[in-house]
Every structure is written in C-alpha cells, then in structure tokens.
Trainee: 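Can you read through this structure? Questions will come right after.
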Amino acid sequence: MEAVFVTKPASHFKTIFSTNPKHQFPSYQHSLLPIRRKSSRFIAVSAALQNRQQQQQAPKDAEDESYGEVKGIIGSRALDGATGMEYLIEWKDGHAPSWVPADFIAKDVVAEYETPWWTAAKKADESALKQLIEADDGRDVDAVDSDRRTALLFVAGLGSEPCVRMLAEAGANLDHRDNSGGLAALHMAAGYVRPGVAKLLLDLGADPEVVDDRGRTPLDLAKEILKVTPKGNPMQFGRRIGLEGVIRVLEGAVFEYAEVQEIIERRGKGENLEYLVRWKDGSANEWIKAKFVAEDLIRDYEAGLEYAVAEAVLARRLGDEGKPEFLVKWVDLEEPTWEPEENVDPELVKLFDQTSNQAQPTNNGPVVVVSNQDS
C-alpha cells in the first residue's frame with residue numbers, strides 16, 4: 001500500500017499586543033484545517049523510528065521503509081526543548097506501542113486526538129479541559145502547537161483563572177516559553193491585561209522574573225504597554241486601570257522575596273521617592289520605590305536611627321515601667337546593651353527562652369533571667 005509522508009501544518013496563531021481596543025484576543029476558529037476522512041488510517045514510519053527491539057529482530061533484508069496500520073494514539077509528549085510532539089501509537093497488528101514523531105503520522109490521526117484539546121484550550125472551555133485531563137489518556141498537559149505554545153498560555157491570555165488553576169494542578173509548566181517571542185504565561189496575562197490570572201500564576205509559583213526573547217519580564221511588558229496606552233481616551237480608561245493592576249501585582253511579587261536590612265540613602269520626592277536599601281540576603285544594594293519599603297524602616301531612617309546586628313539575647317528583666325527588656329549582645333559592639341522588647345528580634349527572644357532557666361519576672365523588683373549559655 002502506498003504511504004504518504006505529511007508535513008506539519010503552518011501556524012495560524014500570532015500574538016499581537018495592540019493598544020487598539022478593537023484588537024481582541026486572536027481568533028482560533030481557523031487554526032485547524034479541515035481533514036478529509038479516510039476509511040482506513042495508515043502511518044509511514046522510517047525504519048530508524050521503529051521500536052528498537054523490533055528493529056533488532058527484523059531480518060537483515062527488511063525494506064528501508066515499513067508500514068503499520070494504526071489503531072489509535074494512546075499518549076503524547078513534547079520533544080526535548082518542546083520543538084514538537086510525538087505520540088504513543090497503538091498498532092492493529094499487535095506490536096508493542098511505540099513513540100512516533102508527529103511528522104510521520106497522518107494528519108487526520110493526529111487531528112482526531114489533538115483537536116478536542118486545542119479547541120478547549122483556545123476557548124478556555126473549563127468543562128472540556130476537565131474532561132480531557134480526567135480521561136487519563138496519557139496526554140501531555142504541556143503539549144505544544146507549531147509555535148511551541150501550550151494550553152496554559154492560551155487560557156492565561158484569555159483570562160480563565162479556573163482553567164489556569166486546573167492545568168497547574170495537572171502539572172503544567174508555569175514558566176514554559178513559546179517559540180514566538182519567548183512569552184510565558186505571565187507575559188500573556190500581562191499583555192492581555194489579566195491581573196487576576198497574573199496573581200494566580202504567582203500564587204501557584206510562576207517566576208515573576210521570567211524573560212522573553214527581548215529580555216523583558218512580564219512587569220517590563222506591562223509597563224511598556226501602559227506607556228503607549230493613551231491617557232485621555234475614555235475608551236482606554238479601563239485598559240489603563242487593568243494594566244496598573246497587573247503592574248501592582250507583578251511589582252509586589254518582584255520585591256516581596258527579599259527582606260531589607262536597612263536604608264542607606266534616599267532620593268527624589270513624591271511618587272519618585274526612592275531609598276537605597278541593603279538586603280539581608282547580602283544582595284547588592286539597590287534603589288527601591290518608597291512604596292515597596294516597610295513603613296517602620298522608613299520611619300526609623302527619617303528619625304535618624306542607626307542599625308546594629310544582634311547576635312544573641314543574654315538576659316531578660318522588667319524595666320522601670322514594668323515592660324520586658326532584653327540584654328542584647330551585638331556583632332559590632334563590644335558591650336551588650338539593655339533594649340526594649342520592640343527593638344529585639346523575636347527569633348532571638350524565642351531562642352533565649354528555650355535555653356534560659358525560664359524564671360518569671362515579678363512586680364517586686366527587676367528580676368533578671370540569665371541564659372545558661374551566659375554562665
């Protein structure tokens with residue numbers, strides 16, 4: 001029987017970030033070409049792609065090309081680097097199932113398996129996606145199309161939080177980047193102004209600093225789009241509000257993972273007020289907008305308070321006003337000092353309590369509790 005090798009279909013999907021409100025999320029109803037059905041389905045597979053065990057058992061004079069009738073696809077997976085797809089084929093002749101690249105499988109066979117998945121993804125059809133995921137048919141939730149886009153990228157751009165959560169719980173790669181700009185799901189949420197999806201992706205563990213092929217983070221992309229979105233156009237008002245929401249979500253994620261040790265300098269005023277901060281994790285000092293710095297640190301800096309690094313709590317007592325005070329040993333000071341409770345790291349107090357004699361202060365005088373390690 002004659003076998004025909006088929007080529008991959010051309011891409012019909014391209015992302016365009018437009019400031020025109022008439023430009024909606026791209027339409028996908030034409031992304032799948034009509035397939036002419038055949039009474040029987042065959043696939044042509046080169047001998048190099050046959051099951052290796054079958055190859056070893058084949059006679060030496062076997063033909064260079066071998067053909068088998070397909071019973072169906074029972075699994076899928078993306079190739080290394082997500083450069084394409086391959087499918088686990090079940091054969092009618094009883095041979096063991098084997099993995100075959102999509103290029104060597106008839107289009108109608110692949111379409112029958114893949115069309116329901118991509119239709120559900122491109123419509124953000126929660127019910128259909130749920131049914132396909134729960135079918136447990138060996139399907140890869142990180143399956144890619146010809147632009148190396150996954151279902152997660154589509155539903156993120158369409159703003160479907162339920163679909164995003166469902167795919168994430170099924171094991172989807174939250175930081176997968178496509179082959180059409182290097183966009184990740186967070187870029188799609190930013191570009192299509194989906195603040196709710198952006199927050200959900202971050203809560204699920206997406207990397208807020210993933211970059212596209214131009215080196216832009218999702219935050220950079222959102223700011224870039226906001227910059228070119230007209231301010232005075234009433235038609236663009238909602239879009240600007242949405243972009244500002246996306247930016248707030250992403251900015252919060254970028255700076256929430258690092259803890260400021262102290263403020264070193266300040267510059268600017270109003271919305272441009274920034275502080276040069278030293279990070280507790282030892283990262284390079286960095287200028288940060290005032291709104292991202294803890295208010296108590298700003299108050300201390302503006303009041304001229306200096307910081308010192310505490311090494312341990314050595315003792316506890318009641319002060320003159322009946323409030324707890326702690327004797328603190330400092331890293332950069334020779335002599336320990338008594339400090340009010342609010343100036344002492346709670347973790348150091350907790351460690352002191354675990355190692356002390358646990359004597360309780362009374363109102364009869366300044367009772368001092370000394371740690372065992374300070375004997």
Trainee: Where the side chain of Asp345 meets the backbone of Glu347, is there a donor-acceptor pair that is under 3.5 Å apart?
Mentor: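 Such a contact is found between Asp345 side chain and Glu347 backbone.
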
Trainee: Is Glu134 paired with Lys130 through a side-chain N to carboxylate O contact shorter than 4.0 Å?
Mentor: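 Counted as a salt bridge, because a side-chain N and a carboxylate O are separated by less than 4.0 Å.
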
Trainee: Apply side chain to side chain contact (heavy atoms under 4.5 Å, CB included) to the pair Trp91 and Ser98, showing each step before the final yes or no.
Mentor: CA-CA 9 Å; Trp91 306 96; Ser98 54; 3.0 Å; yes

Trainee: What is the distance from atom CD1 of Ile89 to atom NE2 of His95, rounded to the nearest 0.5 Å?
Mentor: 14.5 Å

Trainee: Quick one: does any side-chain atom of Asp175 pair with a main-chain N or O of Asp207 as donor and acceptor, under 3.5 Å?
Mentor: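 Checking the backbone N and O of Asp207 against the side chain of Asp175, a donor-acceptor pair under 3.5 Å is found.
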
Trainee: Applying side chain to side chain contact (heavy atoms under 4.5 Å, CB included) to Arg165 and Leu200, what does each step give before you reach the verdict?
Mentor: CA-CA 8 Å; Arg165 183 180 296 279; Leu200 176 59; 3.0 Å; yes

Trainee: Using a 4.5 Å cut-off on heavy atoms from C-beta on, say whether the side chain of Ile264 contacts that of Tyr275.
Mentor: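 Of all side-chain heavy-atom pairs linking Ile264 with Tyr275, none is under 4.5 Å.
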
Trainee: Within the structure provided, determine whether Val344 and Phe326 are in side-chain contact (heavy-atom separation under 4.5 Å).
Mentor: yes

Trainee: With a sphere of 6.0 Å drawn around CZ of Arg240, does it hold more than 12 non-hydrogen atoms of other residues, nucleotides or ligands?
Mentor: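 Buried by this count: over 12 neighbours within 6.0 Å.
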
Trainee: Can Met166 be reached from Val164 by stepping across I, L, V, M, F, W or Y side chains whose heavy atoms are under 4.5 Å apart?
Mentor: yes

Trainee: Any chance you could measure Ile105, atom CD1, to Tyr113, atom OH, to the nearest 0.5 Å?
Mentor: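 One gets 10.5 Å once the value is rounded to the nearest 0.5 Å.
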
Trainee: Hydrogens and angles aside, do Glu339 and Thr337 bring a side-chain donor and acceptor to less than 3.5 Å of each other?
Mentor: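 On atom types as modelled, these side chains qualify, holding a pair under 3.5 Å.
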
Trainee: Of the non-hydrogen atoms in Leu243 and Ala222, which two are nearest, and what is the gap between them?
Mentor: CD2-O, 4.1 Å

Trainee: Would you name the heavy atoms of Leu186 and Pro208 that are closest together and state the gap between them?
Mentor: CD1-CA, 3.9 Å

Trainee: Charged N to carboxylate O under 4.0 angstrom, Glu224 versus Arg216?
Mentor: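 Arg216 and Glu224: salt-bridged.
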
Trainee: Check the pair Asn285 / Val277 against side chain to side chain contact (heavy atoms under 4.5 Å, CB included), numbers first and verdict last.
Mentor: CA-CA 6 Å; Asn285 298 343; Val277 302; over 6 Å; no

Trainee: For the side chain of Arg177 and the backbone of Val211, is there at least one donor-acceptor N/O pair under 3.5 Å apart?
Mentor: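 Yes, Arg177 side chain to Val211 backbone: donor-acceptor pair under 3.5 Å.
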
Trainee: Rounded to the nearest 0.5 Å, how far apart are OG1 of Thr217 and CG of Asp212?
Mentor: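 The distance works out to 8.5 Å.
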
Trainee: Does Leu167 reach the side chain of Ile133, with side-chain heavy atoms less than 4.5 Å apart?
Mentor: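 Side chain of Leu167 against side chain of Ile133, heavy atoms only: contact under 4.5 Å found.
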
Trainee: Checking Thr355 side chain against Leu351 main chain: does a donor-acceptor pair fall under 3.5 Å?
Mentor: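 Answer holds: yes.
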
Trainee: Would you mind checking if Arg214 and Asp220 are paired as a salt bridge, meaning a charged N to carboxylate O distance below 4.0 Å?
Mentor: no

Trainee: Measuring from Asp213:CG to His187:NE2, what's the distance to the nearest 0.5 Å?
Mentor: 9.0 Å

Trainee: Is there side-chain contact between Leu226 and Ile247, with heavy atoms separated by less than 4.5 Å?
Mentor: yes

Trainee: Please determine whether residues Leu297 and Leu273 belong to a single hydrophobic cluster, defined as Ile, Leu, Val, Met, Phe, Trp and Tyr linked transitively by side-chain heavy-atom distances below 4.5 Å.
Mentor: yes

Trainee: Is any side-chain heavy atom of Lys92 less than 4.5 Å from a side-chain heavy atom of Val70?
Mentor: no

Trainee: Could you tell me whether Lys223 and Glu251 have a side-chain N and a carboxylate O separated by less than 4.0 Å?
Mentor: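 Judged by the 4.0 Å cut-off on N to carboxylate O distance, Lys223 and Glu251 do form a salt bridge.
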
Trainee: Are any of the side-chain nitrogens in Lys329 or Glu335 under 4.0 Å away from the carboxylate oxygens of its partner?
Mentor: no

Trainee: Answer with yes or no whether the hydrophobic clustering places Val210 together with Phe154; edges join I, L, V, M, F, W, Y residues whose side-chain heavy atoms lie under 4.5 Å apart.
Mentor: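 Different clusters: Val210 never reaches Phe154 through Ile, Leu, Val, Met, Phe, Trp or Tyr contacts under 4.5 Å.
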
Trainee: Does one hydrophobic cluster hold both Val197 and Leu174, with members joined at side-chain heavy-atom distances below 4.5 Å?
Mentor: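 Linked within one cluster.
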
Trainee: Mind checking whether Val246 and Tyr192 have side chains closer than 4.5 Å, heavy atoms only?
Mentor: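 Not in contact.
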
Trainee: Should Leu276 and Ile263 be marked as a side chain to side chain contact (heavy atoms under 4.5 Å, CB included) after you check the CA-CA gap, both sets of side-chain angles, and the distance that decides it?
Mentor: CA-CA 6 Å; Leu276 181 62; Ile263 296 174; over 6 Å; no

Trainee: One thing to verify: whether Arg148 and Asp178 come together as a salt bridge, which I'm taking to mean a side-chain N less than 4.0 angstrom from a carboxylate O.
Mentor: no

Trainee: To the closest 0.5 Å, what do you measure between CZ (Arg317) and CG (Leu327)?
Mentor: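 Taking CZ in Arg317 and CG in Leu327, the distance rounds to 8.0 Å.
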
Trainee: Report yes if some heavy atom in the side chain of Arg266 is under 4.5 Å from a heavy atom in the side chain of Tyr301; otherwise report no.
Mentor: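 Touching, per the 4.5 Å side-chain cut-off.
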
Trainee: Looking at Arg77, Arg139, Glu114, which hits side-chain contact (heavy atoms from CB on, under 4.5 Å) with Tyr87?
Mentor: Glu114

Trainee: Report yes if some heavy atom in the side chain of Val144 is under 4.5 Å from a heavy atom in the side chain of Thr83; otherwise report no.
Mentor: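 With C-beta onward as the side chain, the pair stays apart.
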
Trainee: Indicate yes or no for a side-chain donor-acceptor contact from His176 to the backbone of Asn173 under 3.5 Å, with no hydrogens or angles considered.
Mentor: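 Here the side-chain-to-backbone pair does not exist.
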
Trainee: Quick one: closest heavy-atom pair of Ala151 and Trp118, and the distance?
Mentor: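 Nearest heavy atoms, Ala151 then Trp118: N-CZ3, 3.9 Å.
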
Trainee: To check you understand the geometry: which heavy-atom pair defines the closest contact between Ala253 and Leu202, and what is its length?
Mentor: CB-CD1, 3.5 Å

Trainee: Using modelled atom types and a 3.5 Å cut-off, is there a donor and acceptor pairing between side-chain atoms of Ser283 and backbone atoms of Trp279?
Mentor: no

Trainee: Quick one: closest heavy-atom pair of Gly171 and Val141, and the distance?
Mentor: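 Minimum heavy-atom contact is C-CG2, 4.0 Å.
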
Trainee: Judged by atom type as modelled, is there a donor-acceptor pair below 3.5 Å linking the side chain of Ser76 to the main-chain atoms of Asp140?
Mentor: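 Side chain of Ser76 to backbone of Asp140, a donor-acceptor pair under 3.5 Å: yes, one is there.
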
Trainee: How far apart are the closest heavy atoms of Arg194 and Ala156, and which atoms are they?
Mentor: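 Closest approach of Arg194 to Ala156: CG-O, 3.6 Å.
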
Trainee: Rounded to the nearest 0.5 Å, what separation is found between the CG atom of Asp125 and the SG atom of Cys163?
Mentor: 7.0 Å

Trainee: Take atom CD of Gln131 as the centre, draw a 6.0 Å sphere, and report whether it contains more than 12 heavy atoms from other residues, nucleotides or ligands.
Mentor: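 Check fails, neighbour count at 12 or below.
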
